[in-house]
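Below, chains carry the letters A, B, ... as their sequence lines are ordered, and counting in each starts from 1.
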Amino acid sequence: MDAPLRAWFAEQSLWTERNIEPVWQETRKEFEGELTLVLFGPAKAAGAKPELLATMLESFWPSLTLENGSPLIRSARLAGGFLNLGLSYAYWRQRWSMGYTLSTAPVHGHPDSESLPKRSKIVLEYSSPNTNKPLHLGHVRNNLLGDSMYRILKSLGHEVVRVQVINDRGIHICKSMLAWQKFGEGLQPKDVNAKGDHFVGHYYVLYEKAFQAQVEEAIAAGVTREEAEATAPILQEARTMLLQWELGNEAVVNLWKMMNSWVYEGFDITYERLGIGFDRNYYESQTYVLGKNLVEHGLAQGVFRKDEKGAVWADLQDIGLDSKILLRSDGTSVYMTQDLGTADQRQKDWGFDRMIYTVADEQNYHFKVLFAILDKLGFAWANRCHHLSYGMVDLPSGRMKSREGKVVDADDLMDVVQGLAEAKMGDSEKLQAMALDERQELALQIGLSALKFYILKVDPSKRMTFNPEDSIDMQGHTGPFVQYAHARIASMLARVVDLEPVEPSKVGLNPWSLDLHRAWLPAELELVRQFSQFAPALNLAAEKYNPAHVADYAYSLATAFNRFYHDCPVLQESNAETRSFRIGLCQQTRLLLRDSLDLLGIKAPQRM
RNA sequence: GGUCCCGUAGCUCAAUGGAUAGAGCAACUGCCUUCUAAGCAGUAGGUUACUGGUUCGACCCCAGUCGGGAUCACCA
């Protein structure tokens with residue numbers, strides 16, 4: 001809702017004398033009006049019936065005017081305790097003219113600019129893959145959330161630094177290295193025409209197979225499973241390799257570098273195709289040594305304690321959490337230790353106001369503890385760290401399990417959605433004349449749109465089920481539905497120049513000159529009303545770290561347009577005034593659809 | 001076991017404490033000689049897991065019960 005209007009209502013003595021904040025909501029579709037004042041609370045506080053308040057308010061309506069003196073309120077009807085207000089067409093024209101788009105925002109701000117959070121510098125972490133296997137569906141949700149939040153926060157004027165931590169070291173990396181050494185026969189990805197990350201992932205699987213075989217063999221020889229798993233020779237070899245890596249053994253380090261470089265080449269391709277990018281990579285091989293000095297510092301300050309074995313602990317019982325170990329008795333660090341160090345490092349690197357970690361909700365407790373310890377260490381920015389926690393992605397058959405090969409590979413997924421979009425395009429005569437590369441690019445845009453929208457329309461905090469069949473759907477509540485509305489407008493507007501050599505000012509840039517000498521049709525009013533919802537949706541998405549609000553908005557706007565398109569002729573409208581008005585509506589709709597899609601990382605093709 | 005999260009139409013998801021709980025998919029009915037039918041209009045589908053409580057009003061807040069998940073390592 002319009003902030004000045006809200007402010008005006010809130011200031012009325014009717015409320016202020018009784019210390020009441022009026023409750024507003026969007027008017028439900030089945031009632032006349034766009035804005036609803038809920039009178040139950042105020043009525044109760046005032047000891048009066050809603051009817052009486054509505055009557056009292058009636059005297060205020062005439063005093064409510066726009067800058068040019070025309071009235072603000074078009075209609076006011078009480079239904080139960082709900083006062084439904086219809087706003088004047090002049091108001092909606094003005095509101096429309098302030099219509100916020102990404103391209104105009106930095107210059108003009110937008111109508112609800114008071115509610116804009118202060119612009120700040122934000123470090124946003126997402127993706128954070130391991131270098132022993134390719135990206136899968138879980139990474140995809142992470143990437144899409146991170147990328148969309150980046151776009152959303154950036155559009156509100158924040159400076160956002162996109163970072164990922166690459167988990168490039170550790171026992172799991174050594175496992176694939178070892179397997180390649182044993183079974184790889186010196187082959188490289190290019191020798192077998194493989195994508196680097198898949199190539200390395202293949203050896204990780206081979207390791208697991210060899211490991212299981214050894215375990216079964218040991219069990220057959222009479223050893224317990226537990227012991228067999230702990231003592232498998234190949235695991236010993238992997239551990240030895242990790243030690244050698246840590247000691248800087250040249251052969252091992254060279255192998256490590258070579259295989260990681262293959263993986264990065266593969267990741268680059270996947271990210272590129274998915275439309276995801278980063279401003280800075282942090283490598284665990286460099287950050288895993290960080291944090292020890294922080295712990296020493298905390299120990300000196302008396303924030304941490306050392307036990308009799310020499311291990312260092314953070315006591316968090318005072319804030320309802322457990323104790324957390326930070327340094328083992330042998331002086332080595334744990335995961336938490338490096339996360340502390342990395343956070344501190346990033347503050348030094350960027351001087352951020354806020355830091356956001358896009359990490360699955362299985363680590364909720366970890367981040368609670370991390371932020372609590374940063375706070376104990378006295379970092380003022382500790383309470384400006386946020387864990388953008390998202391739920392796991394399940395398959396219809398249940399949880400994804402990489403060990404059982406029950407994973408959806410990111411590259412395969414993109415192949416499938418692109419292929420389906422292309423097949424669908426084949427049905428359309430208007431798209432058959434396209435050049436092949438153009439076709440494939442469009443198919444990718446549409447396929448990715450289906451995938452991205454399917455994932456982003458769900459509240460991040462909720463666990464979601466990924467149904468492959470639904471995810472490639474292109475009808476109904478989907479990305480292609482929104483894209484289609486955009487493409488329809490684009491193809492229509494492309495003809496405007498030929499059909500109607502109108503002044504730019506007549507087609508929406510200056511709506512004050514577009515006074516229609518008639519009441520608006522419902523579809524016209526609904527469309528303009530949707531224009532005013534863009535900024536609130538964007539703000540809500542940023543505030544709640546939830547791109548689903550933008551996805552919802554894009555769908556609502558597209559729906560409103562489709563009805564308008566069905567009900568109202570545009571180019572074929574004979575009345576010149578109405579035609580210009582509607583062309584203006586189309587232009588504004590197209591911009592908002594394009595920008596909403598962009599915030600979700602989805603392309604808006606000109607035709608489809 | 002302690003802590004935290006979740007339970008809404010057959011399925012996937014919505015719904016600041018507000019009106020008759022909404023969409024899409026799947027099912028069924030209409031609408032292309034008309035600016036792109038990847039569309040529009042309609043029918044059917046609900047004890048919001050259950051039991052209480054708070055209040056003018058509860059999917060939403062509180063307590064309990066049942067069901068599902070996560071987490072609580074000198075793992076990462």
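- How far OH of A:Y335 is from NZ of A:K324: 10.5 Å, rounded to the nearest 0.5 Å.
- Where stacking is scored as ring centres under 5.5 Å apart with planes under 30°, A:F82 registers as stacked on the base of B:rA19.
- Phosphate proximity of B:rA37 to A:R488: present, with a side-chain N or O under 4.0 Å from OP1 or OP2.
- Side-chain atoms of A:N84 and base atoms of B:rA19 include a donor and an acceptor less than 3.5 Å apart.
- Applying the Watson-Crick and G-U wobble criteria (two distances, each under 3.5 Å), B:rU3 pairs with B:rA70.
- Note on A:N562: every side-chain N or O is 4.0 Å or more away from OP1 and OP2 of B:rG39.
- In this structure, the CD atom of A:E362 is 17 Å from the P atom of B:rC5, given to the nearest Å.
- Set against B:rC13, B:rA37, B:rC74, the side chain of A:Y484 has B:rA37 as its closest nucleotide.
- Between A:F481 atom CZ and B:rA23 atom P there is a gap of 13 Å when expressed in whole angstrom units.
- Here A:R28 reaches the OP1 or OP2 of B:rA19: one of its side-chain N or O atoms lies under 4.0 Å away.
- Nearest to the side-chain atoms of A:Q475 among the listed nucleotides B:rG22, B:rA37, B:rC25 stands B:rC25.
- Rounded to whole Å, the separation between the C1' atoms of B:rC32 and B:rC25 comes to 24 Å.
- Ring pair A:Y207/A:F211 is parallel by interplanar angle, where below 30° counts as parallel and above 60° as perpendicular.
- Residue-level contact check: A:D567 touches neither bases nor backbone, having no heavy atom under 4.0 Å from any strand.
- In this structure B:rG30 sits in a base pair with B:rC40, meeting the Watson-Crick or G-U test at under 3.5 Å.
- The base-pairing partner of B:rG18, taking Watson-Crick or G-U wobble contacts with both distances under 3.5 Å, is B:rC56.
- Judged by distance alone, with hydrogens and angles left aside, the side-chain atoms of A:E573 form a donor-acceptor pair with the main-chain N or O of A:N575 at under 3.5 Å.
- Residue A:R328 places at least one side-chain N or O closer than 4.0 Å to OP1 or OP2 of B:rA76.
- Sparse packing is recorded around CD of A:E226, with 12 or fewer heavy atoms of other residues, nucleotides or ligands lying under 6.0 Å away.
- For B:rA14, one of the phosphate oxygens OP1 or OP2 lies less than 4.0 angstrom from a side-chain nitrogen or oxygen of A:K462.
- Between the side chains of A:D315 and A:S323, at least one donor N or O sits under 3.5 Å from an acceptor N or O.
- Listed candidates were B:rU34, B:rA76, B:rC74. Nearest to the side chain of A:A311 is B:rC74.
- Within 4.0 Å of A:D307, counting heavy atoms only, lies at least one base atom of the nucleic acid.
- One atom, CZ of A:R463, and another, P of B:rG7, lie 13 Å apart when rounded to the nearest Å.
- Here the side chain of A:Y565 is nearest to one of B:rC74, B:rC35, B:rU12, namely B:rC35.
- Closest to the side chain of A:T465, from the set B:rU12, B:rA38, B:rG18, is B:rU12.
- In this structure, A:D459 atom CG and B:rG7 atom C1' are separated by 15 Å, rounded to whole Å.
- A donor N or O paired with an acceptor N or O is not found under 3.5 Å between the base of B:rA76 and the side-chain atoms of A:Q338.
- The nucleotide whose nearest atom lies closest to any side-chain atom of A:Q25 is, among B:rA19, B:rC35, B:rC25, B:rA19.
- Using a 4.0 Å heavy-atom distance criterion, A:M464 is classed as a sugar-phosphate-only contact.
- The nucleotide whose nearest atom lies closest to any side-chain atom of A:I325 is, among B:rG39, B:rA14, B:rC74, B:rC74.
- Summarising the geometry, the separation between CG on A:D168 and P on B:rA76 is reported as 15 Å, rounded to the nearest angstrom.
- Nearest to the side-chain atoms of A:S491 among the listed nucleotides B:rA38, B:rU34, B:rU36 stands B:rU36.
- Seen from the ring of A:Y288, A:R169 counts as a face-on cation partner, given the 6.0 Å and 45° thresholds.
- Both distances falling under 3.5 Å, in either a Watson-Crick or a G-U wobble arrangement, occur for no nucleotide opposite B:rG45.
- If you check every strand for non-hydrogen atoms under 4.0 Å, A:I446 touches a base.
- Atom-to-atom, CD of A:E30 to C1' of B:rU20 comes out at 7 Å; the value is rounded to the nearest Å.
- Distance from the side chain of A:Y555 is smallest to B:rG24 among B:rG24, B:rA19, B:rG18.
- Applying the 4.0 Å criterion to OP1 and OP2 of B:rA70, one finds that A:R399 has a side-chain N or O inside that range.
- B:rA38 atom C1' lies 15 Å from atom NE2 of A:H477, rounded to whole Å.
- Contacts of A:N467 with the nucleic acid, taken as non-hydrogen atoms under 4.0 Å apart, are absent.
- Using a 4.0 Å heavy-atom cutoff across all strands shown, A:V458 reaches sugar-phosphate atoms only and no base atom.
- Distance alone, capped at 3.5 Å, is enough to place a donor-acceptor pair between the A:D168 side chain and the A:S285 backbone.
- Residue A:H486 contributes atom NE2, which lies 20 Å from atom P of B:rC35 at whole-angstrom precision.
- With respect to the salt-bridge test (charged N to carboxylate O, under 4.0 angstrom), the residues A:E208 and A:K133 do not qualify.
- A donor N or O paired with an acceptor N or O is found under 3.5 Å between the base of B:rA19 and the side-chain atoms of A:T36.
- The glycosidic torsion of B:rC32 lies within 90° of 0, which places this base in the syn conformation.
- Between A:F40 and A:F82, the two ring planes are perpendicular [angle over 60°; tilted spans 30° to 60°].
- Contact annotation for A:C586: no contact, since no heavy-atom pair falls under 4.0 Å across all strands.
- Nearer to the 5' terminus of RNA chain B, by closest-nucleotide assignment, is the contact made by A:H566 (compared with the other of A:E284 and A:H566).
- Listed candidates were B:rG18, B:rC25, B:rC74. Nearest to the side chain of A:F40 is B:rG18.
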